[in-house]
Amino acid sequence: MSEPSAAHCVSCGAAVVGPYCAQCGEAARRPDYSIGHFVKELIETLTEIDGRAMWTFRALVTKPGVLARDFLAGRRNRQYGPVKLFAICNIVYFLLQLFAPFTSTQRIQTTARPWREMARSLVDAKLAASGQTFEQYAVAYDQAAHLQGKSLVFLMVPLFALGTWAMYGRARRFFAEHLVGSFYTYAFLLLWFGISTLALTGVFRAGLHAGFELTGAWLEAAALPVVIAPFVAYLLFSGRNAFAEPWTATIVKSLLLTGWAYAVLTAYRFILFFTTFYAT
């Protein structure tokens, strides 16, 4: 079969009048494989990514609530959308985990969680049936927990959005609007959590080298106030910028939402235990 002539679309073969095919939208111009063209495309792509990324991440950190407010108002041209930004921050968080492992390990789930007795009994029963030691099973469990956590972290977003919907339902009636804000909030939380735990892990390892008996539970306890304080401040200014309510109401709602976020995190850890346990 012969190729379509220059007057026909290279994709569908339809006659082309103008710069694009009227049938499929393919460009009529011949591809440009010159080095100059590739350099131009690269510069345009990097400039677009850098410009939007820089503005989005700067606003995420320094202007809480503004990204959600602008997105819902239709001002979306210069920023990443909520799902895309959350996905990027999720990837960054789990990349940082390669240098600072911080997840609900088997040991933490069976010693430091409210459901530790139930978790330990289930793990003991599995070990008795399989003949593995606690340490041998911990390797497979911890690897699976790290991988599953990447997907299950998405569950926290709609759960947290239920809380903001309950608090700010009069300002924005639709759940999807609160879901947008929740994606941006958890994008910030993942970013900050990854950076702060990376720093704390350095301190943790320094303590181990100095001879202190430190555990993963100790690291979690130390990380909690480090993460919570900026998160409360973020919720405070996010609520103020997004909903413009009086400061007193915003402070109270921010504290309540912080408690709700911790409840959501607890539910995430509980679900993660079971999905990891039955996957291993």
Value rounded to 0.5 Å, distance of OH in Y141 from CZ in F134: 9.5 Å
Y268/L159 under side-chain contact (heavy atoms from CB on, under 4.5 Å): CA gap, chis, key distance, verdict: CA-CA 10 Å; Y268 159 80; L159 289 176; over 6 Å; no
Lys/Arg cation over aromatic Y137: K126, 6.0 Å, 45° cone: no
Considering all heavy atoms, the nearest S254-T250 contact: OG-O, 2.7 Å
For E117, salt bridge (Lys or Arg N to Asp or Glu O under 4.0 Å) partners two or more places apart: none
Connected via hydrophobic side-chain network under 4.5 Å: W260 and F231: yes
Residues which pass salt bridge (Lys or Arg N to Asp or Glu O under 4.0 Å) with R69, listed by chain and number, not counting sequence neighbours: none
Under the side chain to side chain contact (heavy atoms under 4.5 Å, CB included) test, residues paired with T248 that sit two or more places apart: none
Option passing ring-ring contact (aromatic ring centres under 6.0 Å, His included) with Y186 (candidates F160, F86, F193): F160
Salt bridge (charged side-chain N to carboxylate O under 4.0 Å, His left out) contacts touching residues 71-85 (sequence neighbours left out): D70-R75
Minimal non-hydrogen separation, S182 against A161, with atom names: OG-N, 3.6 Å
Exercise: do E177 and W165 side chains pair donor with acceptor under 3.5 Å: no
By ring-ring contact (aromatic ring centres under 6.0 Å, His included) - contacts of F243 (at least two apart): Y168
Contacts of type side chain to side chain contact (heavy atoms under 4.5 Å, CB included), residue W192, not counting sequence neighbours: F188, S196, V226, V227, P230
